[in-house]
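The next block holds one structure in the form of structure tokens; read it before the comments.
These numbers come from the heavy atoms of this one structure, side chains and all, not from hydrogens, waters or symmetry mates. Proteins get letters first, then strands, A, B, ... in listed order; numbering begins at 1 in each. All values derive from a computational prediction rather than experimental measurement.
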Amino acid sequence: MISIQLPDGSAQELPDGSSSADLAAKISSRLLKEAVAAEVNGKVVDLALPLTAGDSVRILTKKDREALEVLRHSCAHLMADAILRIFPQAQLTIGPVVDDGFYYDIYLPEGKITPEDFPKIEAEMAKIVKENHPFRRCAATVDEANEHFARYRAIDGGHNKFKMELISEITKRGEGLTFYKHGEFIDLCRGPHVPSTGWLKNHKLTKIAGSYWRADAAREQLIRVYGTAFFSKEDLDDYIKFLEEAKKRDHRVLGEQLELFMMEDVAPGFPFFLPKGAILWNTLADYMKGLVRRTGYVEVKTPLVLSEQLWHTSGHYDNYLENMFFTKLKLRDPKDASKIFDNVVEERPMAVKPMNCPGHALIFKHRLRSHRELPLRIAELGLVHRRELSGVRHGLFRVQAFTQDDAHLFCTPDQIEEEIMRLMDFFKEVYTAFGLDDVRVELSTRPAKSIGSDQVWHLAETSLQRALEARNLPYQLNPGDGAFYGPKIDFHIRDCLKRSWQCGTIQLDFSMPERFGCHYVGTDGAKHTPVMIHRACFGSVERFLGILIEHYAGAFPLWMSPIQAIVIPVSDKFLTYADDVYSKLSAAGLRMEINRKDDRLGYKIREASLQKVPYAIVVGEKEVESSTINVRTREGVELGAMTLEAFVAQLPEWRK
RNA sequence: GCUGCUGUAGCUCAGUGGUAGAGCGCGUCCUUGGUAAGGACGAGGUCAAGGGUUCAAAUCCCUUCAGCAGCUCCA
């Protein structure tokens, strides 16, 4: 008999050679039915693996995150099996689990797999699920491995060199080889797996992408087939619904439909804000400017183009060159105006700023500062330009020019804690204002390679920690993940689809004040170097706006809505009255529009709803006679007839 | 930057060697209407750009540019 420890601290006695499955069976038949895998001494393994005395075992069911990963990895095998049945010349490489599913990288010497093949592959997968093959684990030697991989022999007569490469690496590390077999299919795999293919009913292939063996562009081109799997059909359906919902909320699509912004080939990665988008942008900017003014900042404006020399001082030239735009002078030949010289040697070459901090450092050292001025909080909605590789640009999320709600706080080390607490309050106020209450905080501390004294690092890190604790903010600690010049706090917010976005960041900097020679005169009359705190709350106004478009699905709260109400005359007989309503509400401060088109009422209502205008104001004969308006919300609720005053009085918060 | 896919009217897309199409939007007219699509007519295109193959190219090939997905990147 062996004794097995359970998570609740109790123990179970089992016969020698028993497995986790036997353990589950002994606890309850229901648990055996629901068991997916087991965590033995902290490692996830197959249910069928024999246990040894003293093991501590947790049975994993579909409720456990680890179990879902096991399921998905098994599903990767299932998919690989199906693909090999359809494409016998395919060679498997690796097939790991990723965030919301799995993929398998496949080498296909010729031909290709496209999404059109999905139905065929899925049909084959369904067949294998129905056959309900058990997953069997087998340990093997290298020779046996060769044997196992006989079926992967390439058409040219060679072995599957990808698997052979993996095998030789594993062997070199002195680890044993394990294979997993279901039906005729066998694959090199660490495991574990679900008990049988019957578990893998709820799957879906999602997309195809290119990849390279070992992520090395010089090596073989592979086809990456993505899929996902869930324990229940409901979960799979929910996931498919989530994908559809996310697609509907795509800010690039809504940006087009709601006429918020546009992109042009002549300016890739540089959005054009259309009138309605510009209202949104300005609403965010105005909100931020107001808050900054109320919370003890000074606001500045710094130049876009600065001498290259400055970027040497700041260190960006050495570390950030690839992401910077540089100006390039041209000259016309004085004798021949059609001749242009491109390669002009510039006396003072200039660069477009990718960050605002050097400018703010220059403002700080513009004159001698006293300790009495600290903390000095310098804020700027600063437009920065950053070159991005062509493949990474994405709507408003990743652009080449954007406006940071940037600020740099110059303070003494003693003031760090107080400033961080103020920032926590500031950030919280902002996110709450936009209905983003789900905020996750990460604290990253000193990396191996860093500058600054132990003393300053220690003070800074404990200040950050104390501030987080004082504000009761749970946080995730990322030891060693800070920048070389200081620790940082990142804010990740979740939108209404539970997607996480990194927005705010607070970074301490012990380096830049030094580089720029920023000093203040202390109480002792001597010069001291301040600490610099970089911080941005939106991050980028453009990106934050993109997040809000998706968060609200274009139906912004009243105070942000580009058009807050639209006047719809029942027919053009009532245009005069409609104009009157329009002017009065505009004068009251509401952003108004008026629909003068010769369409039927129903059509204009529909248009207003699709444009997500919060209120449609209908005016016709009845309204003219009683000097009222008839109000309908974009959700389709009829608020009925009311006076203009009553309408304005009942509005929820409509300016911030 | 890499790989794959895509680029046709303002938008969404069909057309895949032989006279450029639809729906929506836009304009004009009819209609003067009561809370999510009334009707008729009309304008609108160097088929991304450049080169090649061909009697003939939106269609096939090459190059470039841009977009999309993934990868890589984002101290």
Side-chain angles (χ1 to χ4, degrees), chain A residues 98 103 105 108 112-116 206-226 247 250 252-253 255-259 262-269 274 314-316 318-323 354-355 386-395 397-400 444 447 449-451 481-486 488 502 505 507 509 511 534 539-540 543 566 568-575 597-612 615-623 630-641:
Chain A
V98 289
Y103 66 79
D105 275 351
L108 211 51
K112 55 185 175 179
I113 302 175
T114 69
E116 276 101 81
T206 50
K207 58 200 165 203
I208 298 252
S211 69
Y212 297 104
W213 175 235
R214 298 278 142 125
D216 182 351
R219 307 205 53 183
E220 288 80 358
Q221 171 76 50
L222 308 173
I223 299 165
R224 178 167 298 179
V225 186
Y226 283 86
K247 207 170 161 190
D250 189 319
R252 293 165 301 179
V253 175
E256 169 78 43
Q257 285 169 354
L258 304 180
E259 296 196 282
M262 65 174 200
M263 296 290 186
E264 282 285 319
D265 279 6
V266 293
L274 300 170
S314 70
H316 288 102
D318 291 332
N319 295 309
Y320 210 68
L321 180 108
E322 287 76 14
N323 291 294
M355 295 188 190
R386 296 184 186 174
R387 281 183 52 182
E388 296 285 3
L389 296 177
S390 64
V392 304
R393 299 190 295 244
H394 185 96
F397 287 163
R398 196 87 175 259
V399 291
Q400 299 203 102
S444 300
K449 228 180 93 191
S450 64
I451 61 130
D481 248 12
F484 71 90
Y485 50 74
K488 62 169 183 176
Q502 203 219 299
T505 178
Q507 296 197 9
D509 191 339
S511 160
H534 309 250
S540 132
R543 182 163 176 277
I566 181 163
I568 302 178
V570 170
S571 80
D572 58 15
K573 283 196 298 204
F574 311 107
L575 263 172
K597 283 190 273 191
D598 179 25
D599 288 318
R600 289 191 131 72
L601 178 63
Y603 194 85
K604 292 195 267 197
I605 292 283
R606 173 183 138 87
E607 211 166 31
S609 269
L610 289 176
Q611 284 295 306
K612 324 250 167 143
Y615 296 101
I617 294 177
V618 177
V619 292
E621 197 171 350
K622 282 181 279 184
E623 288 73 27
N630 197 299
V631 184
R632 180 193 204 273
T633 72
R634 64 186 158 201
E635 292 82 21
V637 180
E638 283 185 46
L639 301 179

Discussion item. To the nearest 0.5 Å, what is the distance between CZ on A:R606 and CD on A:Q611?
Written reply: 11.0 Å
Fill in: Separation between the P atoms of B:rG10 and B:rC26, rounded to whole Å
14 Å
Response to the item:
Taking a pair to mean Watson-Crick or G-U wobble geometry with both distances below 3.5 Å, B:rG34 pairs with none
Worksheet item: Atom CD of A:E621 and atom C1' of B:rU35: how far apart are they, to the nearest Å?
Response: 17 Å
Discussion item. Please determine whether any donor N or O and acceptor N or O are separated by less than 3.5 Å between the side chain of A:D598 and the base of B:rC29.
Written reply: no
Practice prompt. Looking at every strand, decide which applies to A:R387 at a 4.0 Å heavy-atom threshold: base, sugar-phosphate, or nothing.
Written response: nothing
Worksheet item: NA contact type, A:N630, heavy-atom cut-off 4.0 Å: base, sugar-phosphate, or nothing?
Response: base
Discussion item. Can you tell me whether the side chain of A:R393 and the base of B:rC68 have a donor-acceptor pair closer than 3.5 Å?
Written reply: no
Worksheet, complete the sentence: pair_partner(B:rA22), Watson-Crick or wobble, both distances < 3.5 Å, evaluates to B:rU12
Fill in: Pair assignment for B:rA58, Watson-Crick or G-U wobble, requiring both distances under 3.5 Å
none
Discussion item. Once hydrogens and angles are ignored, does a donor-acceptor distance under 3.5 Å link the base of B:rG7 to the side chain of A:D265?
Written reply: no
Fill in: From CA spacing to verdict: side-chain contact (heavy atoms from CB on, under 4.5 Å), A:M355, A:Y320
CA-CA 10 Å; A:M355 295 188 190; A:Y320 210 68; 3.9 Å; yes
Discussion item. Any base atoms under 4.0 Å from A:L610, or only sugar-phosphate, or nothing? Heavy atoms, all strands.
Written reply: base
Worksheet item: Pick from A:I566, A:V631, A:V570: which one makes a side-chain contact (heavy atoms from CB on, under 4.5 Å) with A:V618?
Response: A:V570
Fill in: Donor-acceptor pair under 3.5 Å, A:E623 side chain vs B:rG34 base
yes
Worksheet item: Base, sugar-phosphate, or nothing for A:K488, non-hydrogen atoms under 4.0 angstrom?
Response: nothing
Worksheet entry | Nearest-Å distance once atom C1' is located in both B:rU16 and B:rG70 | 27 Å
Worksheet item: Considering only the C1' atoms, how many Å lie between B:rA14 and B:rG45, rounded to the nearest integer?
Response: 15 Å
Practice prompt. In whole angstrom, give me the gap between the P atoms of B:rU59 and B:rG52.
Written response: 14 Å
Item to complete: Would you mind pulling out the nucleotide paired to B:rG17, Watson-Crick or G-U wobble, both distances under 3.5 Å?
Response: none
